[in-house]
Amino acid sequence: MSEKTYDPQEIESRWQARWAGEALYQAEQSTEKPKFYVLEMLPYPSGTLHMGHVRNYSIGDALARYKWMRGFNVLHPMGWDAFGLPAENAAIKNNRHPNEWTRANIAHMKKQHQRFNFSYDWSREVATCDPEYYRWNQWFFLRMFERGLAYRKKALLNWCPRCNTTLANEQVIGGNCWRHEDQPVEQRELDQWFLRITDYADDLLNDIAHLEGGWPERVLTMQRNWIGRSEGTEVDFALAAHDGAAGGGKIRVFTTRVDTIYGATCVILSPGHALVNELASPEQQAIARRMNEDAKRKDPGDLEKEGFFTGHYAINPYSGERTPIWVGNFVLMGYGTGAIMAVPAHDQRDFEFCRKYGIPVKPVVRPADGELAVEATMKDAFEDYGVAAVAGEFSGLPTEEAKRQMNAKAEREGFGKAAITFRIKDWGISRQRYWGTPIPMIHCAGCGVVPVPEAELPVVLPHDINLADVKGSSPLSHVPEFVNAACPKCGGPARRETDTMDTFIDSSWYFYRYCDAHNPNEPFSGDIVRYWFPIDQYIGGIEHAILHLIYSRFWTKMMRSLGLIDWDEPVTNLFTQGMVIKDGAKMSKSKGNVVDPDEIVGRYGADTCRMFSLFAAPPERELDWQESGVEGQYRFLGRVYRFVTRNLEKARSVPNIRVPEVAALGEADRQVLRKLHLTIRKVTDDFETRWHFNTSIAAIMELMNEAQGREAELTEASLPDLCGAVAMMLAPFAPYLSQELWTELGRDGLVFKQTWPVFDEALAREDDVEIPVQVNGKLRSRVTVPLGTSKEALENAAMEDAKVREWVGGKTVVKVVVVPDKLVNIVIKG
RNA sequence: GCCGGGAUGGCGGAACUGGCAGACGCACCAGACUCAAAAUCUGGCGAAGUUCACUCUUCGUGCGGGUUCGACCCCCGCUCCCGGCACCA
């Protein structure tokens, strides 16, 4: 039979047409099989897939197909993170409605997905901009509101005076507006909705322990840092009497080192602290305002410490000392209480500040095995723990013990308490934007803030809107039909909430909806998600290590509080793939180094594109895109295709794989089958452990090299097994070609639903092994012996080897290291 | 500054548990096929030295030490690159 030319466009379009409309990848609802939920992060429908997507999905798809072949009931869904600002920008720029723009993008990207033949169960597709989806965002919001988990408060927002709108934190670059790079962002105080993620701060931190091993360590570290739990003490410094502050005014500070409080030589307020306006002169208040703005604009590393003395004093409740009150630009308003006690002798930042302004430095803690430092000679703060040397009644205690006793005293006497502070803040979810989930609340002059009754959900986003003319407030506030509503309580005229929700809400629970995507009565059925959860494998980019992945964990814990589910964590295993780079830089439009997947597919086919993205580097590392490497993959697939098609007659002759008698095989068949089973072991092992598909593909290449080298002597004894197994091993990586080969071989059905080939020890075993022989650790010769040769026999064989004799002859053999089937090392002297 | 990750041929990378460094691919060189080219196939390909030649020797995994019969791998001390966090009291 003559070989055929590999024509990926013909093969791929033929199978695509044949599979169109067929539900090949549907998960089963009831089955005896074990379940496997593999998930890739849903994309924002920007318009086209980029190589980062292709890489992400190629990894997930390989795993999904492999799991099918290992007999799992696989859930592998896909959807669209369809709300967000780019749709609004595009709407203004192109005079196109965000919905229309988004839907067109989804349609195009879905076509691209299907061209790649990623194995998604499209019957579960979710677009977060569908009212059927976002109504459940609203439903969750109401549940949280009922429990006080959603609340409203005033908060500072970033405001660009030229855009005349608020900006998200990520849209503030170096203190300036992302659209107007020379325009500093202002702060405005507005009412905002918040979710009480801090209620779960301890759970989010503690449950990280359950994720160890399944999640990359660095993601867990980043989350721990983000949550930023620290144990310490809150202490009140009373304002000194002559300040005239009526009613016993006080300054509450947070410290992790209350044991050093006898060394506090001043109290420092953040420039944003409420007391600044009471204690500072008008001139000083102006300085404080300038400091606030500097802090917003500048990189904290470039900001020099500065401050001023307010002229007022506070009383240290432990020592009774009068302590000057300063304002300092390095004290953060957003952390702790916005005020600190400065202990320059034991905190480097305080040390730098106090030395600059001539504030005394007072050492109070000495090293466990040393002397108390002397102020005049101190070059740096002593930050270690030790013994409280100057601490009134606590003097002489180890610092840890001093802390405990001093906490107890604060509590006893009512001027403070042990306290835990978190870096993580409640999640501000209000966005003054159009293209998002409407917050289901109504503002009534008489009744206040009233939730929309559940029966009226969803609160649908109005279609008619003029985004271009909207200035300075939420677009929805300009739509009277939307805004004007009857108060659900009193029936009087009222206004709807016009802010929409942060889109991170959409992506915090979408993977639950996949399980029961069309449920009209509830976000999902508890029974169905109990079957599929937790997610066995989540795959995505490292850039979501904090935001999305913390919000998702929070949402799961929140749903547990609501009684919807009964587990703590949504994702058992997380895999973060590396970036795709080209010419040493991340692909980006501004760098002009973007490779368009469509173009690669058009030139080489989807299989080649997928193969290369898996072959060029291990998945967790950066991938360097090289066009010539893509061609190499294309050549390899062509080589496989031609090999199989020109050997079809023999390869087809046996309908199913069976194990031939080893002894009866010819040398070529024997060696190729041996290599085949080594390859099966290798590829299987890669799937089961570390997903280094680059080495899996390399192993299959080696196998094909071996087969092609012995092609003339191969017979029906090996070719059916070889070709069938190669088709199956390629199935996770190159779905079109593998199916084509499978069908050409005369086998029935879908290749990725076959049983994964099984490693056969007997066929893989080698009769003889070549053993390297070293002399003093250097390779000097090799001897060939039967596998399993004993230590003694192996040593004898090595010593008899002619080359070894040359090296060893006349010298004293000190020692011989023999590792059977591996190596011999002869240690000589003289 | 703190916390991760990394450094191996001209390039991407392999060596999984301390046991033949450079698998596999790319690029390059040579040959076969061809009028020619493309495609395909075959061979070579870390560096230096040596041999007519098969070959052989020495060096070689960022740098300096150490452990070991044996180190890309383990330990100690550095350098550089990438990423994250960064006045969090």
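Model, not experiment: these values are computed from the prediction. Protein chains get the first letters and strands the later ones, always in sequence-line order, with residue 1 at the start of each.
In this structure, a donor-acceptor pair under 3.5 Å is present between the side chains of E627(A) and Y604(A). A side-chain donor from one of S781(A) and D801(A) sits under 3.5 Å from a side-chain acceptor of the other. With no hydrogens or angles considered, no side-chain donor-acceptor pair links N316(A) and T323(A) at under 3.5 Å.
Considering only side-chain atoms of P772(A), the nucleotide from rU57(B), rA89(B), rC20(B) that sits closest is rC20(B). Considering only the side chain of V827(A), rC69(B) comes nearest among rG25(B), rC20(B), rC69(B). You'll find that the side chain of M222(A) is closest to rG84(B), out of rA14(B), rC26(B), rG84(B). With distances taken from any side-chain atom of E702(A) to the nucleotides rC56(B), rC24(B), rG19(B), the minimum falls on rC24(B). Taking the side chain of R218(A) as heavy atoms from C-beta on, and the options rG12(B), rG83(B), rA89(B), the nearest nucleotide is rG83(B). Side chain of T255(A), nearest nucleotide from rU40(B), rA14(B), rA89(B): rA89(B). For P618(A), the side-chain atoms get nearest to rA14(B) when compared with the rest of rG19(B), rC41(B), rA14(B). With distances taken from any side-chain atom of V817(A) to the nucleotides rA27(B), rG19(B), rA89(B), the minimum falls on rG19(B). Nearest nucleotide to the A698(A) side chain, out of rC82(B), rC24(B), rA27(B): rC24(B). Residue S628(A) places its side chain closer to rC26(B) than to any other of rC26(B), rG25(B), rC87(B).
Of the side-chain N and O atoms in Q633(A), none sit less than 4.0 angstrom from OP1 or OP2 of rG25(B). Within the 4.0 Å cut-off from OP1 or OP2 of rA27(B), at least one side-chain nitrogen or oxygen of R635(A) is found. At the phosphate of rC69(B), OP1 or OP2 sits under 4.0 Å from a side-chain N or O atom of K815(A). OP1 or OP2 of rC87(B) has not a single side-chain nitrogen or oxygen of N329(A) nearer than 4.0 Å. For R780(A) and rG70(B), the shortest distance from a side-chain N or O to OP1 or OP2 is not below 4.0 Å. In this model, the phosphate group of rA71(B) is not approached by any side-chain N or O of K778(A) to a distance below 4.0 Å at OP1 or OP2. One finds a side-chain N or O of N705(A) lying less than 4.0 angstrom from the OP1 or OP2 phosphate oxygen of rG25(B). Residue R423(A) places none of its side-chain N or O atoms closer than 4.0 Å to OP1 or OP2 of rC85(B). For T689(A), no side-chain nitrogen or oxygen approaches OP1 or OP2 of rC16(B) to under 4.0 Å.
Within 4.0 Å of D624(A), counting heavy atoms only, lie sugar-phosphate atoms of the nucleic acid but no base atom. At the heavy-atom level, Q708(A) lies under 4.0 Å from the strands shown only through sugar-phosphate atoms. Contact annotation for F353(A): no contact, since no heavy-atom pair falls under 4.0 Å across all strands. Here K682(A) lies in heavy-atom contact (under 4.0 Å) with a base. Residue V331(A) is in base contact, counting any heavy-atom pair closer than 4.0 Å across all strands shown. In this structure, G632(A) reaches the sugar-phosphate backbone alone: every heavy-atom distance under 4.0 Å involves primed, P, OP1 or OP2 atoms, never a base. Residue contacts shown for W691(A) are absent, as no nucleic acid heavy atom lies under 4.0 Å away. Residue contacts for N694(A): at a heavy-atom cut-off of 4.0 Å it reaches the sugar-phosphate backbone alone, with no base atom in range.
Counting all heavy atoms, side chain and backbone alike, A381(A) lies closest to P344(A) at CB-O, 3.5 Å. Scanning all heavy atoms of the two residues, the minimum distance from L204(A) to I550(A) falls at CD2-O, 4.2 Å.
Annotation: of the two residues near RNA chain B, N776(A) and T221(A), the 5′-most nearest-nucleotide partner is T221(A). Projected onto RNA chain B by closest heavy-atom contact, A617(A) and M341(A) fall at different nucleotides, the more 5' of which corresponds to A617(A).
Of the charged side-chain nitrogens involved, at least one lies within less than 4.0 Å of a carboxylate oxygen, so that E321(A) and K362(A) count as a salt-bridged pair. With respect to D347(A) and R257(A), no salt bridge is recorded, no charged nitrogen being found less than 4.0 Å from a carboxylate O.
Rounded to the nearest 0.5 Å, atoms CZ (F237(A)) and CD1 (I251(A)) are 8.5 Å apart.
Between I697(A) atom CD1 and rA23(B) atom P the separation is 18 Å, expressed in whole Å. For the pair L332(A) CG and rA89(B) C1', the interatomic distance rounds to 9 Å; values are reported in whole Å. For R639(A) and rU40(B), the CZ to P distance is 10 Å, given to the nearest whole Å. At whole-Å resolution of the value, CD in E622(A) and P in rC81(B) are 15 Å apart. Remark: C1' of rA39(B) and CZ of F636(A) are 18 Å apart, rounded to the nearest angstrom. Atom pair F615(A):CZ and rC11(B):P shows a separation of 17 Å (rounding to whole Å applied). In this structure, the OH atom of Y634(A) is 17 Å from the P atom of rA38(B), given to the nearest Å. Across the protein-nucleic acid pair, L220(A) atom CG and rG5(B) atom C1' stand 15 Å apart, rounded to whole Å.
Relative to the ring axis of F353(A), K305(A) does not place its NZ or CZ within 45° and under 6.0 Å from the centre.
To the nearest whole angstrom, the two C1' atoms, one in rU61(B) and one in rA23(B), are 15 Å apart. The gap from the C1' atom of rG18(B) to that of rC73(B) amounts to 7 Å, rounded to the nearest Å. One C1' atom belongs to rA71(B), the other to rG64(B), and the distance between them is 16 Å to the nearest Å. For rA21(B) and rG5(B), the P atoms lie 28 Å apart once the distance is rounded to whole Å. For rC72(B) and rA14(B), the C1' atoms lie 11 Å apart once the distance is rounded to whole Å. Atom name C1', nucleotides rC3(B) and rC24(B): the rounded distance is 35 Å, in whole Å. With P as the reference atom, rU55(B) and rA38(B) are 31 Å apart, rounded to whole Å. rG6(B) sits 15 Å from rC16(B) when the P atoms are compared, rounded to a whole Å.
Across all strands shown, rU40(B) forms a Watson-Crick or G-U wobble pair, both distances under 3.5 Å, with rA32(B). Partner assigned to rC87(B) is none, using Watson-Crick or G-U wobble distances below 3.5 angstrom. rG25(B) is paired with rC11(B) under the Watson-Crick or G-U wobble criterion, all donor-acceptor distances under 3.5 Å. rG4(B): Watson-Crick or G-U partner is rC82(B), with both key distances under 3.5 Å. Across all strands shown, rG46(B) forms a Watson-Crick or G-U wobble pair with rC59(B), both key distances being under 3.5 Å.
For rG9(B), the base adopts the syn conformation, since its glycosidic angle falls within 90 degrees of zero.
Taking the six-membered ring where the residue is Trp, F759(A) and H677(A) present tilted rings, their angle falling between 30° and 60°.
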